[in-house]
K.L.:
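Just passing along the structure, written as structure tokens.
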Amino acid sequence: MQRHTRRGNETPTHSATWSAVTSLLLAIFALAWSGCGDGGGNTGGSGGGGTGGGGPTCGPGTELCGSTCVNTNYDPENCGICGTVCADEEICAGGVCVLSCVGGSTKCGSGCVDLNNDPANCGACDNACGAGEVCTQGQCAVTCLGGTTECGGSCVNIDNDANHCGACDNACPGGQVCSMGQCALQCPGGTQNCGVACVKLLTDPANCGGCGTVCTPGEVCSNGVCSVECGGGTTKCGDECSNTAYDPNNCGACGTACLPGQVCSQGLCTSVCGGGTSQCNGVCVDVSFDPNNCGQCDNACAAGLVCAGGTCGVVCGGGTTKCGNACKNLLNDAANCGMCGNACPSGQICTNGSCALNCAGGTTKCGNTCTNLQLDPNNCGSCGLTCPAGQACNAGVCTLACAGGTTKCGNSCVNTNIDPANCGMCGTTCAAGQVCSGGMCTLNCVGGTTKCGNACVSLQNDPQNCGACGTACPAGQACAGGSCQQLVQYTFSGIQQNVPIANLSGWTQCHLDNYSQTTSIATINTNCPMAKMLMGCRQTGATTLVVAAYANKSDVMFETGTGNVPHNANNVGWYFNGSSSWGFAPQGSVINRSSCDIIDSATYPGGGATDGAFRLCWHTGGNSITSGWRCGKPDFLGSTYERLVFQAP
């Protein structure tokens, strides 16, 4: 048997407790309201009094001191009561002269302000918003974010603001608080009265674990404790830890607020609660285990009791364990995973009592990272499959050019119409709270798109958000009309030439290297586990395969030894041996493995056949594919040609 002798020449391969201050605040608040006259003015405090009638009518949250309407909560010249003047080193916070600001407020000049919604001090002292702008979440913007409402230039939460309860300028009477947009004498649903607002001590950074306990800058309040990271399956939204599965102000993602009348259930805004939960005060809760809503809404268990099966009792049932005053399933509770108090880090879930990485939104776990196999050049199509230098990962395939309306930014193919990190053009990043829609950074999605995370997508055809945010189509399926559908697999019989890779619908690339490299056949076998296998070759970086053929994997890798008798399948003659060569020729054609098939190649023309352009062969040795050899007629190939393997179910 003739053997070509040039094979050796081929290229180888963060608190202090303010209980006394809180009590004084409540007393002062009641006194302030009882002292309000009907035109006769207010009586003064220890430092003087107000003048008689004829003064201006003061708006919500302010009162008449002399001839001026002031906010006695923050005015150091009229702190708590008209005429009470704070010392030079003191400031007025919550109607009390103190050395530092409390309740999440910040000292600006001689007063305490809320940098989150003060348009004159937005995000920082003296940072005034421009005309027509409001202060929302510490940033000047055209509209209010995070479920807040514009009231006189400030963005406020009308659900719990006593000066704007349920609507702007609707102030609650003295002694009442604002809860869920209504004035009431007490706070429901597990919230606590801190001053004049109902707050969640578990997540409020201005009242973390207790009224007046303020977390330091950079910290968040998670489970009533100030910390740097959010725990228990919660997500950091601004300076709070939120359960985006049930928080109507951060439903599914930070800043995604549900419409009035809707609730947040399992990360989606809806009119009803799902997953066995019930709607209590606008929030979906499990009344079987919630000690604040045990069996029914607002039925709070007494101190020392837990809620088990919807009944307050001493012990837990149904395989649950008592953690504090609640019954928890240690097998799947992210705040008590395996044992009480063992909270999983943010981004992880509790599975069988162990914290594990939770990959969502169409991402896949590769090592200890969630990645998008459709775009990640280091894990393109499958974990560990790295694209060569200069190539990008597009739809799970390494390629030199981006397709499907995407643009190459760095070494990833992205849609600049919706990508917030490359909006309109590579490197243009949208500001926090904005989305990329139509190639422009904006606060709202347009053109029939929906905000999923911080991107505007079409739920009708986005395979990572098909029909609903986070609903990813399985491998081999596409999104059409908002539902995942099986792709029509590209099929053919025999051997084809000049096959555009973009036409390989239903096929996934599972291997790529060049003809000068050495790759273990076991690695290819592991990375390509599906039932069908397609072999092809191309000039490096090209978008078209020079020659390609496929069959069942068992046929493509059928052991034929080192002889010249191929294994026929799908009108192709296949041959495979880990110590000789691997390739194909037209079914019925003569082959001459020396050790690759040399018939009708560029170096060995003729040989009894004229179909060399339909042949492919890769050298093997030590159960690895090694150097070249041929891709159609061209032979003695190196790094200028690439070997590709695709798979399909």
Side-chain angles (χ1 to χ4, degrees), residues 361-364 366 371-377 379-385 387 391-406 413 415 457-467 471-513 524-538 542-558 569-572 574 584 614 616 642-649:
T363 59
T364 301
C366 289
T371 186
N372 189 336
L373 299 181
Q374 300 296 300
L375 300 174
D376 187 350
N379 301 278
C380 189
S382 62
C383 294
L385 185 58
C387 293
Q391 291 195 13
C393 182
N394 184 44
V397 177
C398 294
T399 179
L400 189 64
C402 293
T406 59
C413 290
N415 188 337
V457 302
S458 173
L459 301 181
Q460 297 298 302
N461 55 29
D462 189 335
Q464 306 303 319
N465 302 277
C466 190
T471 301
C473 294
Q477 292 191 11
C479 181
S483 62
C484 295
Q485 300 178 13
Q486 190 69 39
L487 286 170
V488 177
Q489 193 176 103
Y490 182 82
T491 61
F492 57 91
S493 175
I495 301 169
Q496 285 198 341
Q497 293 178 285
N498 304 318
V499 182
I501 295 176
N503 287 357
L504 298 180
S505 173
W507 290 88
T508 302
Q509 180 183 303
C510 55
H511 176 71
L512 169 69
D513 64 1
I524 299 174
N525 192 34
T526 299
N527 291 340
C528 307
M530 294 185 182
K532 295 177 183 177
M533 180 176 281
L534 182 150
M535 294 176 66
C537 57
R538 68 180 182 186
T543 59
T544 300
L545 298 178
V546 174
V547 61
Y550 82 90
N552 290 331
K553 179 180 178 180
S554 57
D555 293 315
V556 176
M557 301 186 73
F558 186 88
N570 194 27
N571 203 29
V572 179
W574 302 92
F584 58 73
F614 291 88
L616 175 148
E642 293 176 322
R643 303 175 291 208
L644 299 90
V645 180
F646 297 80
Q647 62 177 345

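All values derive from a computational prediction rather than experimental measurement.
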K.L.:
Measuring from atom CG of L545 to atom SG of C537, what distance do you get when rounded to the nearest 0.5 angstrom?
P.N.:
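Interatomic distance, L545 CG to C537 SG, rounded to 0.5 Å: 7.5 Å.
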K.L.:
Find out if the SG atoms belonging to C387 and C398 lie under 2.5 Å from one another.
P.N.:
yes
K.L.:
For N527, what residues pass the side chain to side chain donor-acceptor pair (under 3.5 Å) criterion, not counting sequence neighbours?
P.N.:
none
K.L.:
According to side chain to side chain donor-acceptor pair (under 3.5 Å), who are the partners of Q497, at least two apart in sequence or on a separate chain?
P.N.:
none
K.L.:
Can you list the residues that meet the side chain to side chain donor-acceptor pair (under 3.5 Å) rule with E642, with sequence neighbours excluded?
P.N.:
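By the side chain to side chain donor-acceptor pair (under 3.5 Å) rule, E642 matches Q391, R538.
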K.L.:
Output all residues satisfying side chain to side chain donor-acceptor pair (under 3.5 Å) with N498, sequence neighbours left out; order by chain, then residue number.
P.N.:
none
K.L.:
Could you tell me if the side chain of D462 sits less than 4.5 Å from the side chain of C479, heavy atoms only?
P.N.:
no
K.L.:
Using the side chain to side chain contact (heavy atoms under 4.5 Å, CB included) rule, take K532 and V556 through it: C-alpha gap first, then chi angles, then the decisive distance, then the call.
P.N.:
CA-CA 9 Å; K532 295 177 183 177; V556 176; over 6 Å; no
K.L.:
Could you pull out all residues at least two apart from F646 that satisfy ring pair (Phe, Tyr, Trp, His ring centres under 6.0 Å)?
P.N.:
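Checked F646 against ring pair (Phe, Tyr, Trp, His ring centres under 6.0 Å); zero matches.
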K.L.:
Output the distance between atom CG (N379) and atom SG (C393), rounded to the nearest 0.5 Å.
P.N.:
8.5 Å
K.L.:
Under the ring pair (Phe, Tyr, Trp, His ring centres under 6.0 Å) rule, collect the residues that match up with F492, sequence neighbours excluded.
P.N.:
Y490, Y550
K.L.:
State the SG-CG distance between C366 and D376, to the nearest 0.5 angstrom.
P.N.:
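Reported value, rounded in 0.5 Å steps: 7.5 Å.
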K.L.:
When you take the SG atom of each Cys, C466 and C473, is the space between them under 2.5 Å?
P.N.:
no
